[in-house]
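Notes for the one structure printed next.
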Number of protein chains: 2
Amino acid sequence: MRPRNFDKEDAIREMTLKIIAEEGLENLTMQKLAKAANISPRTIYIKYENKEDLLIKIFVEEILEFYETAVLWGFSETMDFAGGVQKLWQNTAFYLMSNRPSFVLMQYGKSSPLLNKVFQEKNIQQGQYFGPIHRWLQRHIEAGLIRDLPMEVHRAFLLSPLLDLVNEYFEYSDRPVQIITPKVMAECCEMVIKGMLK
Amino acid sequence: MRPRNFDKEDAIREMTLKIIAEEGLENLTMQKLAKAANISPRTIYIKYENKEDLLIKIFVEEILEFYETAVLWGFSETMDFAGGVQKLWQNTAFYLMSNRPSFVLMQYGKSSPLLNKVFQEKNIQQGQYFGPIHRWLQRHIEAGLIRDLPMEVHRAFLLSPLLDLVNEYFEYSDRPVQIITPKVMAECCEMVIKGMLK
DNA sequence: AAAGTAAGTAAATATTTATTTACTAATGAA
DNA sequence: TTCATTAGTAAATAAATATTTACTTACTTT
């Protein structure tokens with residue numbers, strides 16, 4: 001039996017992300033992808049059932065899972081509140097700024113119904129993903145350090161301003177002065193911490 | 001000369017928003033839109049140059065402009081900081097929660113290259129839109145009340161957690177307990193204010 | 001080394017899609 | 001009223017697109 005050529009699978013994944021990052025999800029076509037990956041369209045269908053399957057698998061396996069790993073790198077649910085916030089901001093900022101496809105696909109996850117559904121099913125919001133962050137927040141709620149509000153509220157305050165800033169970083173990469181400097185990062189962390197602490 | 005039938009133009013706009021809200025931007029087709037609006041596909045091309053023109057005009061005229069008006073309703077750049085935050089949160093939450101198409105299209109504005117470009121060109125980020133908010137922030141920076149950081153940073157902290165919560169509101173509308181309650185709103189405003197004030 | 005088998009290809013297909021063509025309808029100006 | 005003109009329609013078209021068909025290739029097993 002002829003063995004799988006893993007290089008081709010890598011090429012499919014890599015070019016899928018590249019096209020989405022550069023031209024958007026709506027401009028990804030199977031023929032364009034095949035040409036970019038230097039393979040026949042048929043080959044994509046050997047590895048994936050159809051286009052939807054391709055998108056979902058890549059979203060889950062190449063984006064969500066790597067994203068979680070990167071965000072939680074060196075983070076522990078036993079960290080104190082300020083230290084945790086700083087760690088999460090550093091990790092997230094570094095990962096997203098150096099992985100445009102990840103950022104773009106995470107944004108599509110908030111608009112495209114297909115990817116949004118995957119988000120929900122994978123329960124990224126509820127704790128299947130990012131469990132350590134939830135337990136860390138829960139611990140500080142119980143200790144009376146931060147307010148007793150739904151998890152979603154804490155999550156919203158914790159990282160969504162950063163996503164907005166990363167968007168600025170990419171959209172205005174021709175800006176004379178970069179937006180996310182170490183000084184800005186430090187001040188942002190202070191603002192998050194101050195806002196969330198009781 | 002036969003006069004324009006404004007009802008048909010209204011129908012096009014209304015059904016465009018409806019389809020995007022319910023099925024997503026990627027599932028809006030000209031024939032589907034024509035059928036939903038009960039007109040011939042050709043009629044769309046009498047009002048709009050092509051699909052891109054339709055999307056951009058609707059995004060700018062039906063979404064961005066209404067959004068700005070709604071967010072700034074009763075807001076004045078002379079307001080004190082806490083009062084301004086509360087006003088902006090109330091306005092934005094109320095408008096987006098009762099206008100799903102608006103929210104969905106604003107989200108697409110962050111992922112779709114086409115709409116993102118419009119965002120940039122219209123300078124929603126830089127002050128052509130939301131000028132009063134910028135001047136209000138600027139005034140409080142100069143008064144030494146909030147930090148001296150780039151406008152983008154303040155804007156990110158001001159409203160992006162709310163957009164996250166509105167997303168929760170729509171995605172989990174089958175949730176037993178609604179997420180955005182008056183109590184949550186009040187506490188969120190307190191968190192934003194506390195975080196941003198020096 | 002020959003057979004068997006899945007991997008892979010080039011080209012075709014059937015469908016969908018944006019846009020146009022060729023026509024009809026309705027109204028204000030003359 | 002009749003003409004000129006734009007609004008509007010139904011059906012066609014041409015291009016694009018996801019997916020398949022029919023075939024070839026290359027490797028493992030025997």
Side-chain angles (χ1 to χ4, degrees), chain A residues 1-62 105 108 111-115 117-118, chain B residues 1-61 105 108 112-115 117-118:
Chain A
M1 174 172 85
R2 183 175 176 175
R4 281 158 74 190
N5 183 339
F6 290 98
D7 288 352
K8 287 182 201 290
E9 304 185 13
D10 289 345
I12 292 174
R13 280 193 287 268
E14 191 186 323
M15 297 319 294
T16 301
L17 295 179
K18 186 171 192 283
I19 292 170
I20 294 174
E22 288 175 1
E23 307 176 42
L25 186 55
E26 58 272 44
N27 291 306
L28 176 75
T29 73
M30 298 305 253
Q31 342 235 34
K32 191 187 276 184
L33 172 57
K35 185 170 265 184
N38 222 345
I39 52 164
S40 158
R42 183 69 181 84
T43 303
I44 305 171
Y45 289 88
I46 294 171
K47 322 280 183 181
Y48 302 94
E49 248 181 75
N50 50 37
K51 192 180 179 183
E52 194 171 309
D53 182 50
L54 165 78
L55 284 175
I56 292 178
K57 285 215 172 93
I58 289 198
F59 185 54
V60 171
E61 292 164 19
E62 305 295 312
L105 264 166
Y108 272 110
S111 34
S112 142
L114 174 65
L115 298 186
K117 196 165 139 264
V118 176
Chain B
M1 172 172 87
R2 183 175 175 178
R4 282 155 75 189
N5 183 337
F6 291 98
D7 288 351
K8 288 183 201 288
E9 304 186 13
D10 289 346
I12 293 174
R13 281 192 287 268
E14 191 186 325
M15 297 320 292
T16 300
L17 294 179
K18 186 170 193 283
I19 292 170
I20 293 174
E22 289 174 1
E23 307 176 42
L25 186 54
E26 57 272 44
N27 291 308
L28 176 75
T29 72
M30 298 304 256
Q31 341 237 33
K32 191 186 278 183
L33 171 57
K35 185 171 265 181
N38 222 345
I39 52 166
S40 158
R42 183 71 180 83
T43 303
I44 305 171
Y45 289 89
I46 295 170
K47 322 281 183 180
Y48 302 95
E49 247 181 76
N50 49 40
K51 192 180 179 182
E52 194 171 309
D53 182 50
L54 165 78
L55 284 175
I56 291 179
K57 285 215 172 93
I58 289 197
F59 184 53
V60 172
E61 291 163 19
L105 264 165
Y108 271 110
S112 141
L114 174 66
L115 299 185
K117 197 166 138 262
V118 176

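Hydrogens, waters and symmetry mates are skipped; everything else that's a heavy atom, side chains included, is used. Just so it is clear: chains get the letters A, B, ... in the order the sequence lines come, proteins before strands, and each one is counted from 1.
With sequence neighbours excluded, the residues that form a salt bridge (Lys or Arg N to Asp or Glu O under 4.0 Å) with A:Glu22 are A:Lys18. With sequence neighbours excluded, no residue satisfies salt bridge (Lys or Arg N to Asp or Glu O under 4.0 Å) with A:Asp7. Listed by chain and residue number, nothing satisfies the ring pair (Phe, Tyr, Trp, His ring centres under 6.0 Å) test with B:Tyr108 (two or more places apart in sequence, or in another chain). With sequence neighbours left out, the salt bridge (Lys or Arg N to Asp or Glu O under 4.0 Å) criterion links B:Glu23 to B:Lys32.
In this structure, B:Asn5 atom CG and D:dA7 atom P are separated by 11 Å, rounded to whole Å. Going from atom CG of B:Asp7 over to atom C1' of D:dG8 covers 14 Å, rounded to whole Å.
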Under 3.5 Å donor-acceptor pairs involving side-chain atoms of residues 34-47 of chain B, not counting sequence neighbours:
| residue | atom | partner | partner atom | Å |
| --- | --- | --- | --- | --- |
| B:Ser40 | OG | B:Arg42 | N | 3.2 |
| B:Thr43 | OG1 | B:Ser40 | O | 3.4 |
| B:Lys47 | NZ | B:Glu9 | OE2 | 3.0 |

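If you check residues 26-55 of chain B against DNA chain D, the residues with a heavy atom closer than 4.0 Å are B:Ile39, B:Ser40, B:Arg42, B:Thr43, B:Ile46, B:Lys47, listed by number.
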